[in-house]
Protein chains: 2
Amino acid sequence: MEDQFIKIASLIGDPVRAIIMWTLLDGKAFTATELAIAVSTSPQNISMHLAKLLDAGLLCVEKQGRHKYYRFSNKEVAYAIEAMASLIPPETPQKKNPEKHSPIKNCRTCYDHLAGKIGVAVTESLLKQNIILDSDAKFELSPEGVKWFSDFGINLEDLKKQRRLFLKPCLDWSERKNHIAGSIGASLLDKMIADDWLRRTKDSRAIQITGKGEKELFRYFKIVV
Amino acid sequence: MEDQFIKIASLIGDPVRAIIMWTLLDGKAFTATELAIAVSTSPQNISMHLAKLLDAGLLCVEKQGRHKYYRFSNKEVAYAIEAMASLIPPETPQKKNPEKHSPIKNCRTCYDHLAGKIGVAVTESLLKQNIILDSDAKFELSPEGVKWFSDFGINLEDLKKQRRLFLKPCLDWSERKNHIAGSIGASLLDKMIADDWLRRTKDSRAIQITGKGEKELFRYFKIVV
DNA sequence: GTAATACTTCAGTACAGATTTAACTATGAT
DNA sequence: ATCATAGTTAAATCTGTACTGAAGTATTAC
């Protein structure tokens, strides 16, 4: 079993493959070429690395014409990468450009639920409005919360049918605060994109907030972007 | 930030260091020499590797005379390693000796709470006896449960004072089933060791079940060892 | 049809970083 | 005081594996 673990660890341990995993963290699928650019290496090289990750079952691939789209093969992979990222020392000894933080930090998707600054802020607001309750480090939905989500246009009954966790906290490593994950977190993100509050950018590492989103985020959550 | 992630990933990605982390998974502290033996490499080499892990903050060390005891510096490290271990493909295409499974598989400590076959079985029994309740993929303690734990000799009030999570499920990768983690899980393990149901073995990768433990595990949980 | 794009395969090379050899310090045992 | 054990440090060597270059297939565009 040890050797199996070594195999996984050294797979992720290579610099090129580490960046591949890091890049795939937002849950979107990338083509081989896109990944080659993200990692700044040659197509041959990325091909070799992707083959290894594929072989180990960490990634899966979907062929579309002459393109191949790579993504994590399951949630566990994303969680493992997040867990490793959480080990990055919290120091942050004041970068040169303290305010030139990339949009990623503002609003990234943590696999498929809402994360980053916005995710944390939304969660805090939901807590403050007693829509969700924080009981002993786990989240619960309040009776008012049920009504709120229905008003917001999210059907909780549909969500409950999904096998995945309904409502769970998730420690976001870039903010070091809890935000909601699970199907509710994912559906919030979906709804915000559907209503054009947020847009995925082309290269998809980050999420942009639209003008409408800016207003609505303040209206619903008192978040100032 | 990427470079920080690469650093962590390639630290864990080296075969020797991967086994070190794997070995430390049971939460016990090991000396440098013990680790050198576990990894089967030279003292000089293990010293170099431990220095790197220490420098990155993944491990911490406690000096006792001429010995140095190494352990994970925090829970996050253990969780990250567990998360990586969960990526080991589940295949298990029928080993040669199907029943010669090592004691580790029977009963290992998952950082410091009870895991492995016994941990899962205990959890199932607690659920069946309605001592803990499984509500929407999170565990809750029932009123009867409060009494049960007090009868069992575990003071829940003391546990609640600890900052760490009181009761939470934890997917054990070797069994692929939920078992209880958090302070209750840890205290169950402590109690069982204190009452000599279980004993840590010398090299501590596994836990042995005593004769007494065998009887009591059946009496309390209907577990046949 | 031809050209261009997306990706793969294979053999040869290079190099970072692990390991070894050797000499060192510090604590504990007799 | 002497020896053994636990661990460290430094320079020399060795090696696995990533990378390069060259040549291939498959799909789309024109």
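By convention in this document, chain letters (A, B, ...) are assigned in the order of the sequence lines, proteins followed by strands, and residues within each chain are numbered from 1. A quick note: this is a predicted structure, and the numbers were derived from the prediction, not measured.
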Interatomic distance, A/H67 NE2 vs C/dA4 P [rounded to whole Å]: 17 Å
Minimum-distance nucleotide to B/K52 side chain [options: D/dA18, C/dA18, D/dA6]: C/dA18
Contact nearer the 5' end of DNA chain D, comparing B/K68 with A/V16: B/K68
Rounded interatomic separation in angstrom, taking CG from B/L11 and P from C/dA16: 18 Å
A/M21 and A/V77: CA distance, side-chain angles, deciding distance, side chain to side chain contact (heavy atoms under 4.5 Å, CB included) verdict: CA-CA 9 Å; A/M21 301 308 267; A/V77 179; 3.6 Å; yes
Point-to-point distance, once rounded to the nearest 0.5 Å, from CD of A/E76 to CG of B/L87: 7.5 Å
B/F152 and B/W197 aromatic ring geometry - parallel, tilted or perpendicular at 30°/60° bounds: perpendicular
B/L35 side, atom CG; B/N45 side, atom CG - distance, nearest 0.5 Å: 12.0 Å
Value rounded to 0.5 Å, distance of CD1 in A/I12 from CE in B/M84: 4.5 Å
Length of the line joining B/D14:CG and C/dA16:P, which is rounded to integer Å: 17 Å
Touch class at under 4.0 angstrom, heavy-atom based, for B/Y70 against every strand present: sugar-phosphate
Whole-Å gap separating P (D/dT8) and CG (B/L35): 11 Å
Geometric class of the B/W22/A/F5 ring pair [parallel <30°, tilted 30-60°, perpendicular >60°]: tilted
Note, A/K68 side chain near A/E62 side chain (heavy atom, < 4.5 Å): no
Residues in contact with DNA chain C, drawn from residues 39-51 of chain B - heavy-atom cutoff 4.0 Å: B/Q44, B/N45, B/M48, B/H49
Distance, rounded to the nearest Å, where A/I20 contributes CD1 and D/dC19 contributes C1': 14 Å
Using nucleotides 27-30 of chain D, report all nitrogen or oxygen pairs with the protein that are shorter than 3.5 Å.
none

Of residues 55-62 of chain A, the positions that come close to DNA chain C - non-hydrogen atoms, cut-off under 4.0 Å: none
Min side-chain heavy-atom separation A/F72-A/L58 under 4.5 Å: no
